[in-house]
Amino acid sequence: MPLRSSLRLPRRSLLTGAAALAGFAILPHATRAQSANPFTLGVASGDPDPDGFVLWTRLAPQPLAPDGGLSGAVAVQWEIATDEAMRQVVQRGEAQADDRFAHSVHIEATGLQPNRPYWYRFTALGAQSAVGRARTAPAPGDALDRLRCVIASCSNYEIGYFSAYRHMAAENPDLILFLGDYIYETNNEGERAALTVRRHANPEPKDLAGYRVRYAQYRTDPDLQALHAAAPCLMTWDDHEVENDYADQWSARPATDPQDFLRRRAAAYQAYYEHMPLRRLSLPDGPGMRVYDRARFGTLVEFFVLDGRQYRAREACPGPTWAGGHAVTAACTERDDPARSMLGAAQEAWLFDGFRQAGARWNIMAQDLLVASLAQKTQAGEWAHWTDGWDGYPASRTRVLEAIAQSRLANPVFLGGDVHAFFTTDLKADFDDPRSATVATEFVGTSVTSEPAPYDRFIQLLPDNPHIRFFDSRQRGYLSADLTPAHLEMRMQVITDRRDPQAGVSTLRRWVVEDGKVGAVAA
Ligand code: FE
Ligand code: CA
């Protein structure tokens, strides 16, 4: 059924959102609005399983105030129905929203029927939320003919409108994957200010109040609200949810004390929890928060959602003023140290265990980064690799690909983001040997809005990286996948112009991966 008709935004909520978007950058206090509507941030669902999913909203009558314009406990009613008009309500309940988690609610619905759509809404403070659509997964042993999944990464609010999100919603997806850089902590300043089409509402966030404002502002975006209301999501983060190029407790700025950085990280993680449809599994725990998880859809597919930031080793060979991404040559022997991990020992063990137990037709690793090696030559003719991505953790990457090969994992496919470019790659047992086995297929999606990877420079690297089958960074957009038992079809979707709030969409490239055959084929 047409998606748009399921989005019943109350008129007041639309007005509040529009006022916030139009007015805030100029008049920071203009959105301390008169409207009491608390549903300014929309609704969302997440992590579907065969008998339920997570439902989310956050009450924020003043979305850009750090406290959302509320204090004290507020009762929130929720309802789940089998029809979008919300006439056949099958479950309802009440939750308390309070200051501890910024009046967010995370309802873990259970006891629903497998493999069917449901609609949901919230009521609080005399107002009703938009109606969102969720969907349960099939029972583990049940077949599923088709799953449509749309995949996003890297949405910088200041430099573009979220047309990609609007078009993702219009694809009527069963599932959304957010692969990181859902917000950007930095503001466009200096020469980058020319790229700005709308302003972040607050200075770079460093504490909980700041991150709450940042996440809330993104959630006022009508295209993002439409996407979340359209389907449940699985999500992981990359670096900008906290700070560019961080690694575990280490800021990319080496002068930052790890204890200070962990305080900042804890604030950012908590705000992420408060704004995402996450389960109790992800409740913030000191400076840590678990987001890695598995999600299975019958016999068709299992998703392994990975966390590439929280547990990784410090980036190799840091400089005196910059410890984040930079190119290093073989002189940086630390890069090859097998003790270093991208995922951390516990997550690696969990993942390899999952590979051994896996039973679905397709196995998709949803994570934040380009996995394939991208070697570049220095002016002196030496090979160099970037430290922030998987190239900075080659031993960890080898362990993951070896575990896939050893467990004979069926149809392994990696999805990633971070680089603001489309990639199709063959993940090789040995990236230095083009004749070595291809272990898995990889697709990376371009950014929703963020600045492209430098096209001319990257194109020149391709002859030295024959496992990279396709690269293009020139357009913004997302990935859209149709999975069936027989094949995976992957579409690289591009929008016409990130500066145009009404941008159109088209398909740049189409790929197919056949069941039982590793590697993508151009379609
Ligand atoms: Fe990014
Ligand atoms: Ca990133």
Side-chain angles (χ1 to χ4, degrees), residues 151-162 164-165 168 177-188 192 195-197 200 204-205 211 214-215 218 221 224 235-248 250-253 261 264-265 268-269 272 291-292 305-312 314-315 322-327 342-343 365-372 374 385-393 414-423 442-455 458 471-479 492 494-495 498:
I151 302 130
S153 61
C154 296
S155 41
N156 185 319
Y157 183 93
E158 289 198 310
I159 67 173
Y161 295 97
F162 291 163
Y165 286 155
M168 289 166 73
L177 301 180
F178 291 104
L179 298 185
D181 293 356
Y182 183 92
I183 63 147
Y184 278 76
E185 88 289 13
T186 47
N187 292 346
N188 279 321
R192 287 172 57 90
L195 300 170
T196 300
V197 299
H200 282 146
E204 179 171 335
Y211 283 106
R214 184 57 50 100
Y215 277 94
Y218 278 63
D221 182 275
L224 182 52
M235 71 225 82
T236 188
W237 48 37
D238 191 36
D239 50 344
H240 286 286
E241 282 84 353
V242 181
E243 186 200 53
N244 183 33
D245 282 6
Y246 82 94
D248 189 358
W250 294 281
S251 165
R253 296 181 184 90
F261 182 71
R264 181 178 184 181
R265 196 185 84 174
Y269 283 6
Y272 185 85
V291 295
Y292 67 85
V305 181
L306 307 183
D307 180 344
R309 285 289 164 187
Q310 186 174 184
Y311 314 106
R312 61 159 72 187
R314 190 175 188 179
E315 293 198 18
W322 184 248
H326 60 294
M342 173 65 92
L343 303 174
M365 276 54 75
Q367 51 86 54
D368 48 333
L369 303 154
L370 173 71
V371 177
L374 182 60
H385 293 87
W386 194 250
T387 59
D388 185 64
W390 281 93
D391 262 349
Y393 302 79
F414 282 79
L415 303 177
D418 172 62
V419 278
H420 310 171
F422 290 114
F423 281 91
E442 178 179 37
F443 298 101
V444 173
T446 193
S447 58
V448 168
T449 62
S450 303
E451 277 288 272
Y455 180 78
F458 273 61
F471 159 81
D472 200 334
S473 65
R474 292 172 293 183
Q475 286 165 285
R476 318 280 51 87
Y478 61 95
L479 294 171
M492 294 174 164
V494 292
I495 60 163
R498 70 180 177 201

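When reading the values below, keep in mind they use all heavy atoms of this one structure, side chains included, and skip hydrogens, waters and symmetry mates. Both ligands and their constituent atoms are indexed starting at 1 by order of listing. Keep in mind it's a predicted model, so treat the numbers as computed, not measured.
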Short check: any N/O/S atom of Cys154 below 2.8 Å from the Fe ion (ligand 1)?
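Yes, Cys154 qualifies, because one of its backbone or side-chain N, O or S atoms lies under 2.8 Å.
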
2.8 Å cut-off met by an N, O or S atom of Tyr184 to the Fe ion (ligand 1):
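An N, O or S atom of Tyr184 is closer than 2.8 Å to the Fe ion (ligand 1), so yes.
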
Check the side chains of [Y] and [X] for a donor-acceptor pair under 3.5 angstrom, ignoring hydrogens and angles.
| X | Y | result |
| --- | --- | --- |
| Tyr246 | His240 | no |
| Trp237 | Asp368 | no |
| Arg476 | Thr446 | yes |

The Ca ion (ligand 2) to [X]: nearest N/O/S atom name:
| X | value |
| --- | --- |
| Asp418 | OD1 |
| Asp181 | OD2 |
| Asp239 | OD1 |
| Asp238 | OD2 |

Between Phe162 and Tyr165, what is the ring plane arrangement, given parallel below 30°, perpendicular above 60°, and tilted in between?
perpendicular

Should the ring pair Phe423 and Phe471 be called parallel, tilted or perpendicular, given that the plane angle runs from 0 to 90° and is split at 30 and 60?
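Because their plane-to-plane angle lies in the 30° to 60° range, the rings of Phe423 and Phe471 count as tilted.
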
Heavy-atom donor-acceptor pair, Arg474 side chain to Pro452 backbone, under 3.5 Å:
no

Angle at the Fe ion (ligand 1) between OD2 of Asp181 and NE2 of His420, to 10°?
160°

